[in-house]
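The structure under discussion appears below in the form of structure tokens.
Counting starts at 1 for both ligands and their atoms, in listed order.
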Amino acid sequence: MALAEGRLVKVSEALRMGDGERVVVRGWVYRFRDLGEKVFLVLRDSTGIIQVVVGGESAERARAADVEASVVVEGVVRSDPRAPGGKEISATSVTVVGPSKGFPIARDLSREFLLDVRHLWVRSRRMQAVLKIRHTVFGALHEYFRGRGYYEVQAPMFITAAVEGGATLFPTRYVDGSTVYLTQSSQFYLEALIFSLEKVYTVAPSFRAEKSRTRRHLTEFWHCEAEEAWATLDDIMRVEEELVWHVIDRVLESNQEELKLLGRDPRPLEACKPPFYRLTYDEALELLERKGFKVHWGDDLGADEERALVEEFDKPVFVHRYPVKAKAFYHKSDPKRPEVTLSADLLAPEGYGEIIGGGERIDSLDELLQKLRDFGLQPKDYEWYIDLRRYGSVPHSGFGLGIDRLVMWIAGLDHIVDAVAFPRTLRRVYP
Ligand code: ATP
Ligand code: MG
């Protein structure tokens, strides 16, 4: 179509332009008001919204533009204190590019319905804001690791043995008829790669057949994992807190507008400068007991306990040295106290709870074989992993960060499905 005279600009640019400038903007009809003589459109593109006033002959054409129709508008920028952003475009022409008869998102805004039409709801200003924050988060994760000498690596998604316990494995039939699984974590492959690259990380999906419905579990989630040769538990906790702060700092720098649109108070995030708090599992249990929770020594902390615990802190808190039986088999025991592991979970404040699990991995062949037996696992299922302890084993540590949970917390969302464009959960694989 002819883009006469006016300069083609994004909405955000038009909002910054002086009165009288001729522009062409392309976008979607966000809101629509027909006042007879004049039609008021609010036009949306990836950068923002702007009011468009259409009169005269063009009003007829604008009237044909339903909510979410795509349009090209030509006109003149004018100040109007009543318009969102203080500017509007007085249109000289409106062209409907793609009509949108009966856009389904109108009255029913229930969570279930919005999940059914997620392919359309991703256009909403809320989702747009979350997706922009998510973009910053992913970029900042890469930036952190790449700036500190970690190599980015990729692990396979088809695997043959559990990392995090059999209960949440996704079996799938492989080409040769055998059963393989979708990976629950790339950790073991990252461990293999530290013998080559020493400091490695990956950003990849992990799959877990989570059987219970919670606000913080997806069946397919994005996992940022790192593994480092020679690193101790203390070393890796320092990496984790620096990483989390780096991500938050970038979001505070780039996404103030989005945080505001989501109603997210940035102050609790601004407070999250390292060092974070550190609490042993035993200390956590004492604190919980004082708050009326009875946790049996040896059990993992559940979401309710984590929530109660983080209430006491104004920034993230590490709970370290979990009991052996509360954690997966690969965690190294504390030589000073073998019934606890050199592990740590990082819990986010404001009720969010666990966002990272990590710690020191077993590096001795004997300890690993013993642990596999104690956990009722078959060493033959873990042959290649055991090999890593046979050939030049080194002390090493690592962690896994749930990126969707991190986004959920940073954006202040109350459900993890709202932190991702197309969530996969116990009951949903569509759209
Ligand atoms: P939880 O106890 O909450 O199920 P986990 O102990 O199983 O977590 P890890 O195995 O330590 O979690 O995984 C590392 C991180 O991956 C977690 O801290 C969390 O942020 C994220 N994560 C784990 N499972 C899920 C899931 N089903 N959906 C989204 N994120 C997850
Ligand atoms: Mg779990």
Side-chain angles (χ1 to χ4, degrees), residues 134 137 141 155 159 162-170 182-188 190-191 201-227 233 236-237 239-241 243-244 247 276 281 284 295 299-307 309-310 316-320 322-331 341-349 351-361 397-411 413 415-429:
R134 199 176 157 95
V137 168
L141 291 168
I159 53 138
V163 184
E164 295 295 329
T168 63
L169 274 178
F170 265 113
L182 297 179
T183 196
Q184 298 166 307
S185 154
S186 301
Q187 180 191 320
F188 291 177
L190 265 53
E191 285 186 66
Y201 82 98
T202 196
V203 174
S206 281
F207 304 88
R208 299 187 188 183
E210 306 282 1
K211 310 270 180 346
S212 54
R213 292 176 61 201
T214 75
R215 289 165 179 275
R216 58 182 207 175
H217 287 93
L218 296 166
T219 49
E220 176 183 324
F221 67 96
W222 279 81
H223 211 169
C224 175
E225 295 180 88
E227 214 59 42
L233 174 62
I236 214 70
M237 286 197 283
V239 174
E240 291 172 35
E241 62 193 359
L243 171 68
V244 168
V247 171
F276 296 165
Y281 172 87
V295 184
D299 289 351
D300 201 359
L301 303 179
D304 292 342
E305 286 90 25
E306 287 179 8
R307 194 172 310 114
L309 204 61
V310 299
V317 51
F318 285 107
V319 176
H320 60 94
Y322 282 80
V324 169
K325 69 174 249 230
K327 288 284 161 199
F329 73 90
Y330 52 74
H331 288 282
T341 52
L342 295 172
S343 60
D345 282 359
L346 182 64
L347 313 184
Y352 284 95
E354 181 181 338
I355 52 168
I356 302 185
E360 226 165 301
R361 321 305 193 185
S397 299
F399 63 89
L401 175 157
I403 307 176
D404 317 278
R405 282 198 197 170
L406 181 62
V407 171
M408 177 186 172
W409 164 44
I410 291 178
L413 309 174
H415 203 298
I416 196 167
V417 296
D418 293 328
V420 44
F422 298 104
R424 264 70 188 117
T425 62
L426 178 62
R427 299 193 319 178
R428 182 172 293 278
V429 286

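Distances below 4.0 Å separate heavy atoms of Glu164 from the following atoms of ligand 1: 10 (O). Near Gly400, meaning under 4.0 Å from any of its heavy atoms, are these atoms of ligand 1: 14 (C), 15 (C). Listed by number with element, the atoms of ligand 1 under 4.0 Å from a non-hydrogen atom of His217 are 1 (P), 3 (O), 4 (O), 26 (C), 27 (N), 28 (N). Every atom of ligand 1 with a heavy atom of Ile416 under 4.0 Å away is listed here by number and element: 29 (C). Proximity to Gly357 (heavy-atom distance under 4.0 Å) selects the following atoms of ligand 1: 11 (O), 18 (O). The atoms of ligand 1 that sit less than 4.0 Å from any heavy atom of Glu210 are 24 (N), 26 (C), 27 (N).
Looking only at heavy atoms of the protein, atom 19 (C) of ligand 1 is closest to Arg405 NH1, 3.5 Å. For atom 17 (C) of ligand 1, the closest non-hydrogen atom of the protein is Glu354 OE2, 3.3 Å. Of all protein heavy atoms, the one lying nearest to atom 28 (N) of ligand 1 is Leu218 N, 2.9 Å. Closest to atom 20 (O) of ligand 1, if we only count protein heavy atoms, is Ile355 O, 2.9 Å.
Within the 3.5 Å criterion, the main-chain N or O of Glu225 finds no donor-acceptor partner in the side chain of Thr202. Within the 3.5 Å criterion, the main-chain N or O of Gly398 finds a donor-acceptor partner in the side chain of Arg361. Between the side chain of Arg216 and the backbone N or O of Arg405, no donor-acceptor pair lies under 3.5 Å.
Side-chain atoms of Leu406 and Ile410, non-hydrogen and from C-beta on, do get closer than 4.5 Å to each other. In this structure, the side chains of Glu220 and Thr425 stay at 4.5 Å or more apart for every pair of heavy atoms. Side-chain contact check for Glu164 versus Ser206: every heavy-atom pair is 4.5 Å or farther apart. For the pair Ile236 and Glu360, the minimum side-chain heavy-atom distance is 4.5 Å or more.
At least one heavy atom of Ile356 sits closer than 4.0 Å to an atom of ligand 1.
Taking only nitrogen or oxygen atoms, main chain and side chain alike, Phe221 does not reach within less than 3.5 Å of ligand 1. Considering backbone and side-chain N/O atoms, Gly402 comes within less than 3.5 Å of an N/O atom of ligand 1. Checking only distances, Asp404 never comes within under 3.5 Å of ligand 1, N or O to N or O. On a distance-only criterion, Arg208 and ligand 1 share at least one N/O pair closer than 3.5 Å.
At a 4.0 Å heavy-atom cut-off, ligand 1 touches Arg216 through backbone and side chain alike.
Using a 4.0 Å cut-off between charged nitrogen and carboxylate oxygen, Arg134 and Asp404 count as a salt-bridge pair.
Every residue meeting the side-chain hydrogen bond (donor to acceptor under 3.5 Å, both in side chains) condition with Ser343, not counting sequence neighbours, appears here in chain and number order: Thr341.
The aromatic rings of Tyr281 and Tyr322 sit tilted, their planes meeting at an angle between 30° and 60°.
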